[in-house]
Amino acid sequence: MAEAVPKLRWNSLSSASHSISRLSPTHGHRSSHLRPPIATNSREIRCKAVEIGSAAPPAVAAGRVKKNRYEMENLTTWLLKQEQGGYIDTELTIVLSSISLACKQIASLLQRSNIINLTGAQGTINIQGEDQKKLDVISNELFCNCLRSSGRTGIIASEEEDVPVAVEETYSGNYIVVFDPIDGSANIDTSLTTGSIFGIYGPDKQCIFDLDDDSTLDQEDEKCIVSVCQPGSNLLAAGYCLYSSSVVFTLSIGRGVYVFTLDPAYGEFVMTHENIKIPTSKRIYSFNEGNYDLFDAKLQKYLDDLRKPGPDGKPYSGRYIGCLVGEIHRMLLVGGIYGNPDNKNSKNGNLRLLYECAPMSYLVEQAGGKAIDGHQRILDIKPDKIHQRTPIFIGSPDEIDKLVQYLSEDS
C-alpha cells in the first residue's frame with residue numbers, strides 16, 4: 001500500500017520510534033518483532049486507499065452519472081417537477097392526478113370484468129345512438145366522480161353525457177376536461193385492447209362561468225357549450241390510458257410526450273418512455289378496409305398502391321385494432337399511418353372531434369407527427385357541437401405527406 005499522496009504526511013520515523021518506546025514492556029517486547037517500514041529513507045508515505053477514494057469515477061468526471069437500475073420516477077413525482085418548474089400550476093397537477101386515479105380504477109374493473117359480470121350491454125343508448133356497455137356507464141361515473149372530488153374542475157364533457165356537466169362542488173376550478181371514458185368498448189367482451197382518452201382546456205375567454213348568478217339552466221347549458229367548444233390548438237394537456245397486457249398512461253403538457261406504465265407491485269404509474277418521437281415513416285397502415293367500397297376513389301387508389309410491393313419487394317403491413325388508443329399507442333412507438341375517413345354512409349367520419357381526435361392529434365404532433373381531416377389540420381378545427389364528428393388521418397409525417405399527394409390529385 002505504499003505510494004505517495006500529496007498533502008498526506010505521516011510522522012517521521014524518529015517520531016514513530018519514540019511512540020513505540022513509550023509502550024508498556026509487553027508491547028515493547030512485541031514491537032521488537034515489528035517489520036521495519038519499507039521506505040526508511042523517506043519522510044512521506046502515500047496511502048493508495050486514500051488516493052482511490054478521493055478520485056472521481058470516470059463517468060462522474062466526464063459529467064455522466066450512472067442511473068441506479070432500481071431508480072424509478074413515478075407520475076406523481078414527475079407532475080410535481082413540472083409544477084416546480086413552472087410548466088403547470090397546482091390545480092392542473094391535481095386534475096391530472098385525479099384522471100390517473102380514475103384510470104387505475106377502470107383498469108382494475110376491466111381486469112375483473114368477466115369475473116364480476118361487467119361484460120355485455122347496459123341496455124341503454126348514448127347521445128350518439130350507440131348501445132352502451134356496462135363499463136361505458138360505470139367508467140363515465142368513475143371519471144366524473146374523480147374529477148368532482150378533485151375540487152379543481154369547472155366543466156366536464158364526456159362521450160356518454162348529452163350536454164356538458166357543470167361541476168357544482170365547493171371550490172370548483174376553471175379547467176374544462178373532455179374525455180371518452182372507454183374507447184373501443186366493443187373489445188371488452190373479448191378481452192381485447194381498450195383505452196380512455198382525455199383533453200384539458202382552460203376557460204374560454206368568451207365565457208366566464210359563474211354558478212352563483214341568476215341565469216336559468218338553459219343559459220348555463222349554453223355557457224358550458226361555448227366554453228367547451230374550443231379548437232384542439234387550445235389544449236393545455238392531453239393523454240390516454242391504454243388497457244392491455246400493460247396499463248399505460250401517456251401524457252403531454254405541451255413539452256413532449258411521456259409514457260408511464262402501471263407497476264402492479266406498487267400501484268404506481270412509472271415512467272417508461274421519455275419525450276418519445278414518432279418515426280418519420282413506417283410501412284404500416286391501419287384502416288377499416290371493410291368499408292373500402294364506401295371510400296372516395298382517391299383514397300381507394302392510395303390503399304391499392306400501399307398493397308403493392310415496394311422497392312424491397314414487400315407491401316405495407318396492415319394493422320387494425322378497432323381501438324383508437326391502441327392504434328395511436330403503436331404508432332407513437334413504431335410509426336405508420338391510421339385513417340378513419342368519411343364514407344358514403346358516414347359523411348362526417350365516425351370519430352368525435354372534441355374528446356377523441358383533438359387530444360390524439362395533440363399528442364401525435366407533440367411527438368413530431370401530423371394529423372389532418374384530409375384538408376386541414378385537426379387542431380385548427382373549432383367544433384360547433386359537443387359530439388361533432390370528423391374524418392382523421394394521423395401518424396408519421398412522411399406517411400401523411402404521401403397521403404396528401406393522393407388526396408390532392410385532380411380527378
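Note that the numbering runs from 1 along the sequence shown for the chain.
- At a threshold of 4.0 Å, the pair Asp342-Arg389 does not count as salt-bridged, since none of the basic side-chain nitrogens sits closer than that to a carboxylate oxygen.
- With contacts defined as side-chain heavy-atom distances shorter than 4.5 Å, the pair Val325/Met360 qualifies.
- With sequence neighbours excluded, no residue satisfies ring-ring contact (aromatic ring centres under 6.0 Å, His included) with Tyr201.
- Sorted by first then second residue, the side chain to side chain donor-acceptor pair (under 3.5 Å) pairs that include residues 371-381, not counting sequence neighbours, are Glu365-Arg377, Arg377-Asp380.
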Requested in this report: Please lay out, stage by stage, how Arg255 and Gln366 fare under the test side chain to side chain donor-acceptor pair (under 3.5 Å).
Outcome: CA-CA 7 Å; Arg255 303 182 67 250; Gln366 284 292 316; over 6 Å; no
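- Here the CD1 atom belonging to Ile394 is positioned 12.5 Å from the CG atom belonging to Leu403, to the nearest 0.5 angstrom.
- A side-chain N or O of Thr90 and one of Glu83 form a donor-acceptor pair less than 3.5 Å apart.
- Atom CD of residue Glu160 and atom OG of residue Ser139 lie 9.0 Å apart, to the nearest 0.5 angstrom.
- Contact between Tyr362 and Leu236 at its shortest, heavy atoms only, is OH-O, 3.6 Å.
- Counting only residues at least two apart or in different chains, salt bridge (Lys or Arg N to Asp or Glu O under 4.0 Å) contacts with residues 301-325 comprise Glu289-Arg307, Lys301-Asp305, Asp304-Arg307, Asp305-Lys308.
- Rounded to the nearest 0.5 Å, atoms CZ (Phe393) and SG (Cys357) are 11.0 Å apart.
- Residues Lys382 and Cys229 meet the side-chain proximity criterion, which asks for heavy atoms closer than 4.5 Å.
- The environment of NZ in Lys104 is crowded: more than 12 heavy-atom neighbours from other residues, nucleotides or ligands sit within 6.0 Å.
- Atom OH of Tyr87 is surrounded by 12 or fewer heavy atoms from other residues, nucleotides or ligands within 6.0 Å.
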